[in-house]
Amino acid sequence: MPRFFLTTAIDYANGEPHLGHALEKVGADAIARFHRQLGYDVHFLIGMDEHGQKVAQTAEKQGMPPQQFVDEIAAIFQAMWARLGVAYDQFIRTTAPAHKEAVRRLIEQIFAADAALPESQRNFYERSYTGLYCVGCESFKQPSDIVDGKCAVHPTRTLEEVTEHNWFFRLSAYTEQLKQLFRDQPSFLEPESRRNEILQLLEQGLEDISASRSRFDWGVPFPRPLSSGEVQTTYVWFDALPNYWTARFFPGYDQKAAWPADLHVIGKDITRFHTVIWPAMLMAAGEPLPRQVWAHGFISLGGERFSKSAGVKLTLDEAIERYGVDAFRYYLLRDVPYDGDGSFSWERFEEVYNSDLANTLGNLASRSIAMIEKYRAGVVPAVAPDAELFAAHGASLADARAAVDGARQHRPNESIGAVMDIARRTNEYIQRTQPWVLAKDPANAPQLDTVLTTLAASLAHCAAWLAPVMPEKMQAMWEQLGGAGAVTAARLDQPIDVSGWKVTKGAPLFPKPEAAKE
RNA sequence: GGCUGGGUAGCUCAGCUGGUGAGAGCGCACGACUCAUAAUCGUGAGGUCGAGGGUUCGAUCCCCUCCCCAGCUACCA
């Protein structure tokens, strides 16, 4: 069984999960679920980035030890992922001993490689860094953050020139190798728009980066002291990014999380870290690179009804409660292109819910099941479905698959669109064949058998193909159709035979909530 | 400022290397049907394909200029 190891970015433990977190996780979850149903042995890794100065500060403000603080945040995130149906296989936390130990291991691996290099080429070296330090932010400021010689965030404070001596990583030495990577394997970073940005960065040339810092100690102690004897804290690059690689050092995960990963799903804002710094680190350590990085876009609360001035905000709880978890997942994945940006609005949510879920799909299920009950006592006739219709369906399914198995990148929205084409085509088929007319004359029984089987088969395929997006609702639909077992066990690369299935009309799958209407 | 990608029906967007008719979904209007969650099916509405030049027998798709929008321009992550 082919393996598919995908990851999402680990979330910074500095606040609660929001719409943006949800988009990434639900999107990656759908990709993971699609692969499971395509027959892959999937390992889906997500987690938390729990170190760093900000976390330590926030914990302090709340008057608790940092570990306790991140424990609570991690629990909140995990509860949200459970609620959203995000079925990860491993949840990694950077404060876990196994991670910290593996970080040391990775760094030592690079030091070991350095031993064979002349001093001027070593990956790790000590260097003094002088920068403008903002006491308010407790961080160094880049020229772009400075306005009129002051920190843009704390204009009343004076920036101090501070010198710090750190371990550095010779990122600049990898410019050519990275260019080569993108030449040989353009698909290393998708979508193309993001790749262009990184290519531009590589053209400009890279600067070396800090590998350790002295100003905070909430993190992994850098394995080697400076020549002065000072032990510093491993900086974020060498702590957070390696989580994908350290996952396999957790007990029981040595095979499941075997490196390299097939796909890193990340937000477009951290593309450079994952496609420049991370591969360079792996090159330095002599480790293989992940096969691909997918940088998704963002979702905003752009609509008027969510304007800040109106004071309208949105919590994930609200978004879930209105129409249910699966409808929310559907809306996110259907309405936001995974390679670009989108915006959340209740207006669009309602449109999508009513049009796609209630009218097109839900009603198709209702009418089909009702007719099978009415005309065939609930048993799907054991005949072949309409060949012509299924030829068209087959083309749609091929499209749906290409949009999620990597062939045409990772676009759940396009996959969903292709499946909805099946539902629309089937509604049209009903109108064209008019089973209620066929039912009036027993002589038409064979034709009616074909029509009813075609309806059940069409729906069964919709259920299987939308299960990665709406696992609970599609399970309900599957059961109404009389499918055995879990719909998530239905293989997408095989046709589904519905002969003899016993359908049962249940409650509408996607009821229109009168109460929610204003 | 520089770089990249965009500006196509009310909305969200497809339109590969230029060629007889500019499309989809939603929304809207009208019509049809009754199996169904007042759902569905059909038809239509007639968008200077951002603006102005140019190349070509012919451009939404090529070139130039301009206008507008978005992203990137590295150590908070």
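All of these numbers come straight from a predicted model, not from anything done at the bench. All heavy atoms count here, side chains included; hydrogens, waters and symmetry mates do not. Letters A, B, ... are given to chains in the order of the sequence lines, protein chains preceding strands, and every chain is numbered from 1.
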side-chain contact (heavy atoms from CB on, under 4.5 Å) assessment of A:Ser193 paired with A:Lys268: CA-CA 10 Å; A:Ser193 55; A:Lys268 62 182 184 180; over 6 Å; no

Which part of the nucleic acid does [X] contact within heavy-atom distance under 4.0 Å: base, sugar-phosphate only, or nothing?
X	value
A:Asp239	nothing
A:Glu207	base
A:Arg424	sugar-phosphate
A:Ser355	sugar-phosphate
A:Gly205	base
A:Asp49	sugar-phosphate

Protein-nucleotide distance ([X], atom [atom1]; [N], atom [atom2]), rounded to Å:
X	N	atom1	atom2	result
A:Trp218	B:rA77	CH2	P	15 Å
A:Ile270	B:rU73	CD1	P	13 Å
A:Leu202	B:rC72	CG	C1'	13 Å
A:Tyr338	B:rU12	OH	C1'	20 Å
A:Asn243	B:rA77	CG	P	15 Å
A:Tyr429	B:rG42	OH	P	16 Å
A:Asp335	B:rC26	CG	P	13 Å
A:Arg272	B:rC3	CZ	C1'	13 Å

Quick check with a 6.0 Å cut-off and a 45 degree axis cone: is A:Arg224 positioned over the face of A:Trp167's six-membered ring? no

Just checking, A:Arg195 and A:Phe182: is the charged tip under 6.0 Å from the six-membered ring centre and within 45° of the axis? no

Minimum-distance pair of heavy atoms, taken over all atoms of A:Val469 and A:Leu333: CG1-CD1, 3.8 Å

By nearest heavy atom, map A:Ser210 and A:Asn196 onto RNA chain B; which one lands nearer the 5' end? A:Asn196

For A:Gln200 and for A:Lys268, locate the closest nucleotide of RNA chain B by heavy-atom distance; then report the residue assigned to the nucleotide nearer the 5' terminus. A:Gln200

Could you please name the option among B:rG2, B:rC41, B:rG71 that lies closest to any side-chain atom of A:Glu428? B:rC41

For the [atom1] atoms, the ones on [N] and on [M], what distance do you get once it is rounded to whole angstrom?
N	M	atom1	result
B:rG7	B:rU17	P	14 Å
B:rC64	B:rG6	P	15 Å
B:rG46	B:rC67	P	34 Å
B:rU34	B:rA29	P	23 Å
B:rU12	B:rA70	P	14 Å
B:rG44	B:rC63	C1'	39 Å
B:rC62	B:rC16	P	9 Å
B:rC3	B:rC66	P	12 Å

So, is A:Arg194 close to the B:rU4 phosphate, meaning a side-chain N or O under 4.0 Å from OP1 or OP2? no

Between A:Phe222 and A:Phe238, is the ring centre distance below 6.0 Å? no

Quick one: do A:Glu197 and A:Arg272 satisfy salt bridge (Lys or Arg N to Asp or Glu O under 4.0 Å)? Show the steps, please. CA-CA 9 Å; A:Glu197 292 173 3; A:Arg272 75 173 54 241; over 6 Å; no

List the protein contact pattern of nucleotides 31-37 of chain B with one symbol per nucleotide (5' to 3'): B for base contact, S for sugar-phosphate-only contact, - for none; contact means a heavy-atom distance under 4.0 Å. --SSBBB

Greater than 12 external heavy atoms within 6.0 Å of A:Glu192's CD: no

Taking it one step at a time, do A:Asp71 and A:Gln67 satisfy side chain to side chain donor-acceptor pair (under 3.5 Å)? CA-CA 6 Å; A:Asp71 285 349; A:Gln67 188 64 54; 3.0 Å; yes

Parallel, tilted or perpendicular: which one describes the rings of A:His21 and A:Phe77, with boundaries at 30° and 60°? perpendicular

Watson-Crick or G-U pairs under 3.5 Å in RNA chain B, rendered as dot-bracket with [ ] for crossing pairs and | for another strand: (((((((..((((.....[...)))).(((((.......))))).....(((((..]....))))))))))))....

Does a side-chain N-to-carboxylate-O contact under 4.0 Å join A:Arg194 and A:Asp339? no

Step by step, would you call A:Arg425 with A:Ile422 a side-chain contact (heavy atoms from CB on, under 4.5 Å)? CA-CA 5 Å; A:Arg425 187 180 300 119; A:Ile422 291 176; 4.0 Å; yes

